[in-house]
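Below: one structure, written as structure tokens.
Keep in mind that this is a model prediction, so the values were computed, not measured. Letters A, B, ... mirror the listed sequences (proteins, then strands); counts begin at 1.
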Number of protein chains: 2
Amino acid sequence: MTLSEEDYIKIIYHLGKGEQGTVSTNAIAEKMETKPSSVSDMIKKLSEKGLVNYKKYQGVTLSEYGIKVALSIVRKHRLWEVFLVEKLEFSWDEVHEVAEQLEHIKSEKLIDMLDKHLGFPQIDPHGDPIPSKNGEFKKSIKRLLNEVPVGKEGICVGVKDSSRAFLKFLDKNKIALGDSIFVVDKEEFDGSLQIKIRDVDIQISNQIASNLYLRIIE
Amino acid sequence: MTLSEEDYIKIIYHLGKGEQGTVSTNAIAEKMETKPSSVSDMIKKLSEKGLVNYKKYQGVTLSEYGIKVALSIVRKHRLWEVFLVEKLEFSWDEVHEVAEQLEHIKSEKLIDMLDKHLGFPQIDPHGDPIPSKNGEFKKSIKRLLNEVPVGKEGICVGVKDSSRAFLKFLDKNKIALGDSIFVVDKEEFDGSLQIKIRDVDIQISNQIASNLYLRIIE
DNA sequence: ACAAATATTTAGATTTGTCTAAATTTAATT
DNA sequence: AATTAAATTTAGACAAATCTAAATATTTGT
């Protein structure tokens with residue numbers, strides 16, 4: 001597979017929201033930052049290679065095989081993102097462009113060993129799930145922290161209350177977007193939570209927890 | 001710079017033995033696994049871009065700028081090799097192909113942080129020196145272990161005595177090609193050496209040391 | 001020094017992925 | 001249902017990097 005083909009497959013995968021959806025030529029063109037006519041040409045090629053199902057003027061869907069390829073690219077992309085954040089001190093919002101290049105490196109051993117080196121992570125720095133080697137993965141969902149069950153881990157992806165006071169609190173407690181949060185325990189009495197963040201345990205009130213969004217795995 | 005241009009520059013650098021030498025079209029063609037006519041075309045392009053000095057039928061040399069570019073590619077290649085061996089458990093003879101791809105990833109921060117993550121290594125798993133960010137590097141030389149000064153580190157790159165008995169000894173003491181060896185101390189009396197290998201100190205006789213080649217940095 | 005051998009370059013064609021402009025199909029509006 | 005608007009495809013062209021075949025330059029051997 002050429003670099004360009006891989007880009008198309010990945011974009012079709014994302015636009016099709018995982019797998020099903022039919023994707024339009026124009027939508028692909030916009031994401032690829034190219035012209036619809038170029039997309040038509042490329043789709044024809046991908047169709048001949050059995051990567052997509054295609055009927056003229058009717059949009060495309062990924063074939064079984066196309067989905068497999070897409071998942072392997074997504075897997076590589078997300079593993080590299082974890083690497084950049086965990087090992088090279090990148091922040092979660094700096095990793096995309098570089099991972100976009102790294103995802104095209106061809107070596108099965110490389111990815112297997114990277115996966116191992118990172119401790120077989122299940123989510124990337126944006127809270128999205130990392131497909132396993134054979135293409136399985138859990139869907140991720142966005143939940144308020146106070147609704148996350150004990151024993152689950154998630155990535156902090158947003159706030160409900162964006163008041164100055166709340167943001168200040170987060171800053172003081174070193175809670176930032178992109179941080180991984182593990183729910184250690186929940187207090188029945190007042191709904192307060194014990195969470196582990198950057199390897200330290202802290203206690204937060206239910207009110208705080210009900211204003212923080214995590215992305216967790218089902 | 002395109003991927004192909006980078007490959008040409010790197011090959012011209014290596015064929016020119018570092019920097020000076022004039023490199024022939026045919027030699028480049030062979031290394032690039034392409035035809036001399038294609039090389040002619042590409043050299044013309046590289047010349048227009050100021051990367052090489054070129055006179056028809058007279059071969060090419062890298063320009064100042066070309067050397068700079070070459071060193072940056074070599075730096076990336078060798079840092080990735082260290083990463084693969086040190087962090088992902090690749091063996092020294094498996095890394096080349098993958099590093100060949102990784103060297104083309106474009107991100108200054110990536111390389112800076114990788115360098116830091118690896119502890120600013122000076123030699124790669126083959127014992128070759130890693131250029132610094134601004135293109136400086138020491139030449140590497142091959143020395144018998146018993147001639148390596150105390151306090152120096154090198155990579156085991158070969159044996160002088162390849163007898164069964166000697167190889168067995170090496171195997172028993174877990175000394176293998178590609179291992180990094182640090183000379184801790186030298187005993188005046190009998191010329192025996194204390195070396196550190198894979199973080200353990202061992203004692204070896206002068207006779208052993210005089211049959212093992214290391215690649216060290218000047 | 002000259003012919004033969006070798007190395008290098010030019011000319012013209014090919015492939016991949018792209019483009020513009022024009023044609024065609026589908027969707028939307030009245 | 002007819003017409004306009006939007007989306008999609010086709011046709012023909014282009015740049016990058018390559019190729020083959022032919023032309024030209026350089027080197028070598030005697």
Notebook entry, point to check: Whole Å only: how far is the NZ atom of A:K44 from the C1' atom of C:dT18?
Noted result: 14 Å
Checklist line | Distance, rounded to the nearest Å, where A:K55 contributes NZ and C:dT25 contributes P | finding: 17 Å
Margin query: Under 6.0 Å between ring centres: does that hold for B:H96 and B:H77?
Written below: yes
Margin query: Quick check: A:F83 with B:F83 (ring centres under 6.0 Å apart)?
Written below: yes
Check: For the side chain of B:K35, counting heavy atoms from C-beta on, which of C:dT20, D:dC19, C:dT18 is nearest?
Finding: D:dC19
Notebook entry, point to check: Got a second to check how far A:E103's CD is from A:I111's CD1, nearest 0.5 Å?
Noted result: 10.0 Å
Check: So what does B:S4 hit on the nucleic acid, given a heavy-atom distance under 4.0 Å: a base, only sugar-phosphate, or nothing?
Finding: sugar-phosphate
All N/O pairs under 3.5 Å across the protein-nucleotides 6-8 of chain C interface:
from	atom 1	to	atom 2	distance (Å)
C:dT8	OP2	B:N26	N	2.8
C:dT8	OP2	B:N26	OD1	3.4

Notebook entry, point to check: How does protein reach along nucleotides 11-16 of chain D, written 5' to 3' as B (base within reach of a heavy atom under 4.0 Å), S (only sugar-phosphate), or - (no contact)?
Noted result: -----S
Next item on the list: Return the value, rounded to whole Å, for the distance between atom CD1 of B:I28 and atom C1' of C:dT9.
Entry: 14 Å
Checklist line | Reported CG-to-CZ distance for the pair A:D128 and A:F137, which is rounded to 0.5 angstrom | finding: 9.5 Å
Item checked: Identified salt bridge (charged side-chain N to carboxylate O under 4.0 Å, His left out) counterpart of B:D115 within the set B:K76, B:R75, B:K109 -> B:R75
Next item on the list: Would you kindly give the CG-to-P distance between A:D7 and C:dT16, to the nearest whole Å?
Entry: 17 Å
Check: Tell me: OH of A:Y8 to C1' of C:dT16, nearest whole Å?
Finding: 11 Å
Next item on the list: Indicate, with a heavy-atom threshold strictly under 4.0 Å, whether A:S38 touches base, sugar-phosphate, or nothing.
Entry: base
Notebook entry, point to check: Is there a side-chain contact between A:D179 and A:R198 (heavy atoms, below 4.5 Å)?
Noted result: yes
Notebook entry, point to check: With a 4.5 Å heavy-atom cut-off, do B:K160 and B:L144 have their side chains touching?
Noted result: yes
Next item on the list: Check whether any side-chain heavy atom of B:Q207 sits under 4.5 Å from a side-chain heavy atom of B:N146, and report yes or no.
Entry: no
Next item on the list: Specify the separation, in whole Å, of atom CD of B:E33 and atom P of D:dC19.
Entry: 10 Å
Margin query: As a test of understanding, state which of B:L212, B:I208, B:I216, B:N211 forms a side chain to side chain contact (heavy atoms under 4.5 Å, CB included) with B:L145.
Written below: B:L212
